[in-house]
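Right, one structure below, let's go through it.
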Amino acid sequence: MERFRTDILVLGSGGAGLLAALHAKSANPELSVTVAVKGLLGKSGCTRMVQGGYNVALAADDSAERHFMDTLDGGKWLNDQDLAWTLVTVAQTRIRELENRWGCFFDRNPDGTIHQKAFAGQTFDRTVHKGDLTGIEIINRLAEQTWARGIDRLEEHRALALVRSKDGSRLAGVLLLDIRRGAFVFVQAKAVLLGTGGGPTMYKYHTPSGDKSCDGMAMALRAGLALRDMEMVQFHPTGVLAGPGTRMTGTIIEEGLRGAGGYLLNGDGERFMHNYDPRNERATRDIVSRSMEREIQAGRVNEAGGLWIEMGHLGPENVRKQFKGMVERCADMGFDLAAGRVPVVPTAHYMMGGVAFAADGSTALPGLFAAGEDTGGVHGANRLGGNGVANSTVFGGIAGDTMARWVPREGEWADPDPAALDAARAAAEAPFSRKPSLLGPIRDALANLMWDKAGILRDGPRLAEAASGLDALEAELRATGVADGARGFNLSWSDWLNLESLILVSRAIVAAAEARTESRGAHWREDFPQTDDASGGLRHTVVTMNGSAVRLSWRDVAFTRLKPGETLLTEAA
C-alpha cells in the first residue's frame with residue numbers, strides 16, 4: 001500500500017472542496033494541501049452541473065434577514081439556524097469574492113449591477129447567475145486558480161474509508177483507491193475536509209451523474225459520526241423524461257424556467273398547480289414535486305408517462321435568449337423548449353441531510369471537517385433552489401480558513417489504527433473473493449425500491465417494505481463478486497463500491513423516514529398530517545451506525561421568536 005503525507009487533504013473538487021483548498025492555501029501558504037477527487041478536477045462534482053444560480057441578498061430592497069426567513073420557511077423550521085444565518089450573511093461577501101478574487105463572471109443589468117432572477121419559494125428575486133450555466137462558470141474559474149496555486153491533486157482517486165488514529169481519539173487519514181492503477185493509497189493528514197457531495201442516485205429518476213453515490217455520508221457513518229435529517233431528500237420538479245434506455249432521463253431543466261413564468265401541464269394539457277398551492281408553479285420544490293406526483297398517480301399523464309413544461313407563451317425568442325443552455329440541452333434530446341412542450345417528471349436531486357457539523361466546518365471527530373452536500377442542518381426539511389451552491393462555497397471557504405488555523409495549533413500526523421486500516425482494505429477487496437455475477441439487477445432493484453417505497457409520497461407499510469427490501473439487497477450484494485482481473489479502471493469494482501455506499505445511505509434514509517411520523521417539507525407521510533409550522537415540538541433525526549446496524553435517535557429543538565440579527569433555535573441535549 002502506497003503511503004504519503006499532506007497537512008490538509010480535501011476530498012472532493014466541487015464548490016466546497018475547491019474553496020476549502022484555496023482558502024486554506026491562501027491563509028497559510030506553508031501548509032501542504034492536496035485535493036483528492038473521484039473523477040477529474042474541474043470536470044466532476046455536482047457544482048459543475050448547477051444551472052440556475054446562487055442565492056444572495058444584494059439589492060437595496062432585499063436583506064439577509066429576508067433571505068434568512070425565506071430559508072427557514074422553505075426548510076419548515078427544521079434548519080440549524082446558526083448555520084442558516086451563516087449561509088445568508090457570508091454569501092454576501094462570498095459572491096463578490098467569486099468575482100473579484102477568483103475571476104467568475106455573472107450576468108449584469110444595464111447599469112452594471114449584478115442581475116438577479118426569480119427562483120421558487122422566495123419573496124425576492126435574488127438568484128445570481130451566468131445565463132443558465134452558472135456552475136460551469138464557478139468551477140472553471142476555481143479549478144484554474146487551484147492549478148495555479150501549488151495545490152496537489154490526486155485525480156481519479158476514490159475515498160474508501162476514514163481511518164482513526166491508534167487510540168481512536170482523532171482522524172489519522174483516509175484510505176483511497178487509485179482508480180487508474182487499481183492500487184490502494186493511504187494518505188496521512190493532519191486535517192481532512194469531507195466535501196464529496198451527496199447524489200441520491202439510489203432513486204430511479206435522479207439528476208446527478210451515475211458515479212455519485214453518497215460516499216462521504218457512508219464513510220462518515222462507518223467512522224461513527226452522526227447524520228441528521230436523512231429522511232429529507234429533495235426531488236426537483238422538472239427532470240426531463242427522455243425515454244427508456246438513456247441516462248439523460250432525470251436530467252433537470254432549471255428552476256428559473258418556472259420562476260420566469262413557465263407552465264406545468266398535466267397529460268390533458270391543463271395547468272394544475274393552482275389546485276395545490278396559491279403560488280402555482282413558483283411554490284417550493286417539495287410542494288411542486290408532490291403535486292406532480294399526485295397528477296401522475298391519478299393517471300393524468302402524457303404518452304411518456306409524465307407531465308409537460310411549456311415556455312412558448314413567454315415568446316420563443318425570449319426563451320432562447322434567457323435559457324440558451326436549457327434550450328440546447330432539450331434540443332439534444334429532441335424537444336423544443338422554446339416553442340413546444342418538454343416531458344418532465346420529478347427527479348431525486350439533493351440530500352438535505354448529512355453529517356452533523358458546526359458553523360466553522362468542524363465535526364465531532366477531531367481532524368475531520370465537512371462542507372457542502374455531505375453535511376446536514378443548513379437547509380432543514382427543504383432546500384431553496386439557489387441555496388445549494390451558496391452552501392458549498394460559503395462553508396467550503398469557512399472550513400478552509402478553519403483548517404488553516406487549526407492545523408498549526410492542534411493538528412498532527414497520527415499513526416493509523418493498523419487493524420482499522422487492514423479491515424477497510426479487506427472490505428474493499430472482498431468482492432474479488434466471491435463468484436462474479438451481474439450487478440445491474442441489484443442496481444435496478446434498488447432504484448425501483450427506493451422510488452416506489454421511500455420516494456416522494458410515503459407511508460408506514462411502504463417504508464417497512466423498503467427496509468426489508470434493503471436488507472435483502474445488501475445480502476445479495478455481499479454474495480455477489482466481481483472478476484479479479486485487471487484492477488485498473490475496473491468499472492465492475494467501482495459499481496460494487498457505489499452500490500455498497502448507496503444501500504447503506506438508503507438504510508439511513510428509510511430509518512429516519514420511518515421514525516418521523518409527521519409530514520414536514522420533503523418528507524411526506526400519507527398516513528400522518530402536515531406539521532410544517534414553527535411551533536414547539538420540533539425534532540430532527542440523528543442516524544448513527546453500531547457495527548452493521550443503523551440506529552436512530554432524536555434531538556429536540558426549542559423555538560424562540562425572531563429578533564433581528566439573532567438566531568432562533570437552540571438545541572437541547
Residues Asp286, Gln234; criterion side chain to side chain donor-acceptor pair (under 3.5 Å); working and verdict: CA-CA 7 Å; Asp286 55 328; Gln234 182 167 83; over 6 Å; no
Indicate whether the side chain of [X] and that of [Y] have a donor and an acceptor atom separated by less than 3.5 Å.
X      : Y      : value
Thr207 : His349 : yes
Asp277 : Ser291 : no
Lys38  : Ser213 : yes
Asn391 : His379 : yes
Asn382 : Arg520 : no

Which value, rounded to the nearest 0.5 Å, describes the distance between [X] atom [atom1] and [Y] atom [atom2]?
X      : Y      : atom1 : atom2 : answer
Leu241 : Asn302 : CG    : CG    : 7.0 Å
Lys117 : His129 : NZ    : NE2   : 5.0 Å
Leu227 : Cys214 : CG    : SG    : 10.0 Å
Arg294 : Trp524 : CZ    : CH2   : 6.5 Å
Asp107 : Thr113 : CG    : OG1   : 11.5 Å

Please step through side chain to side chain contact (heavy atoms under 4.5 Å, CB included) for the pair Asn498 and Thr201, ending with a clear verdict.
-> CA-CA 10 Å; Asn498 286 345; Thr201 59; over 6 Å; no
Would you call [X] and [Y] a salt bridge, using N to O less than 4.0 angstrom?
X      : Y      : value
Arg258 : Glu255 : yes
Asp495 : Arg443 : no
Glu231 : Arg525 : no
Asp70  : Arg126 : yes
Asp125 : Arg282 : yes
Arg141 : Glu137 : yes
Glu281 : Arg271 : yes
Arg383 : Glu373 : no
Glu99  : Arg96  : no
Glu317 : Arg320 : yes

Worked check of side chain to side chain contact (heavy atoms under 4.5 Å, CB included) between Phe528 and His523: CA-CA 11 Å; Phe528 287 100; His523 169 69; over 6 Å; no
For a side chain to side chain contact (heavy atoms under 4.5 Å, CB included) check, start with the C-alpha distance between Asn280 and Tyr263, then their side-chain angles and the critical distance, and finish with the verdict.
CA-CA 9 Å; Asn280 296 317; Tyr263 292 160; over 6 Å; no
Margin query: Minimum heavy-atom separation for Gly199 and Met351, please, with both atom names.
Written below: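 Between these two residues, the closest heavy atoms are N-CG, 4.3 Å.
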What are the two closest non-hydrogen atoms of Asp132 and Gly325, and how far apart are they?
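Heavy atoms of Asp132 and Gly325 come nearest at OD1-N, 3.0 Å.
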Check whether [X] reaches the backbone of [Y] with its side chain - one donor and one acceptor, N or O, closer than 3.5 Å.
X      : Y      : answer
Thr47  : Gly14  : no
Ser289 : Arg285 : yes
Trp102 : Ile138 : no
Thr246 : Gly243 : no
Arg66  : Thr123 : yes

#### Entry: Sub-6.0 Å ring centroid separation between Phe235 and Tyr203
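Yes - the distance between ring centres of Phe235 and Tyr203 falls below the 6.0 Å cut-off.
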Fill in: Chi angles and distances behind the ring-ring contact (aromatic ring centres under 6.0 Å, His included) call for Phe106, Tyr54
CA-CA 10 Å; Phe106 300 114; Tyr54 190 117; 7.1 Å; no
Intermediate values then yes/no, side chain to side chain donor-acceptor pair (under 3.5 Å), Thr71 and Asn79: CA-CA 8 Å; Thr71 298; Asn79 319 62; over 6 Å; no
Check your understanding: Less than 4.5 Å apart, any side-chain heavy atom of Arg108 and any of Ile114?
Key ->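 They are in side-chain contact.
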Check whether any side-chain heavy atom of Met202 sits under 4.5 Å from a side-chain heavy atom of Val505, and report yes or no.
->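 Touching, per the 4.5 Å side-chain cut-off.
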ask   = Could you go step by step and tell me if Leu264 and Ile309 meet the side chain to side chain contact (heavy atoms under 4.5 Å, CB included) rule?
value = CA-CA 5 Å; Leu264 290 173; Ile309 190 167; 4.2 Å; yes
Going through the distances and angles, do Arg462 and Glu465 end up as a salt bridge (Lys or Arg N to Asp or Glu O under 4.0 Å)? CA-CA 5 Å; Arg462 281 185 289 181; Glu465 290 181 50; over 6 Å; no
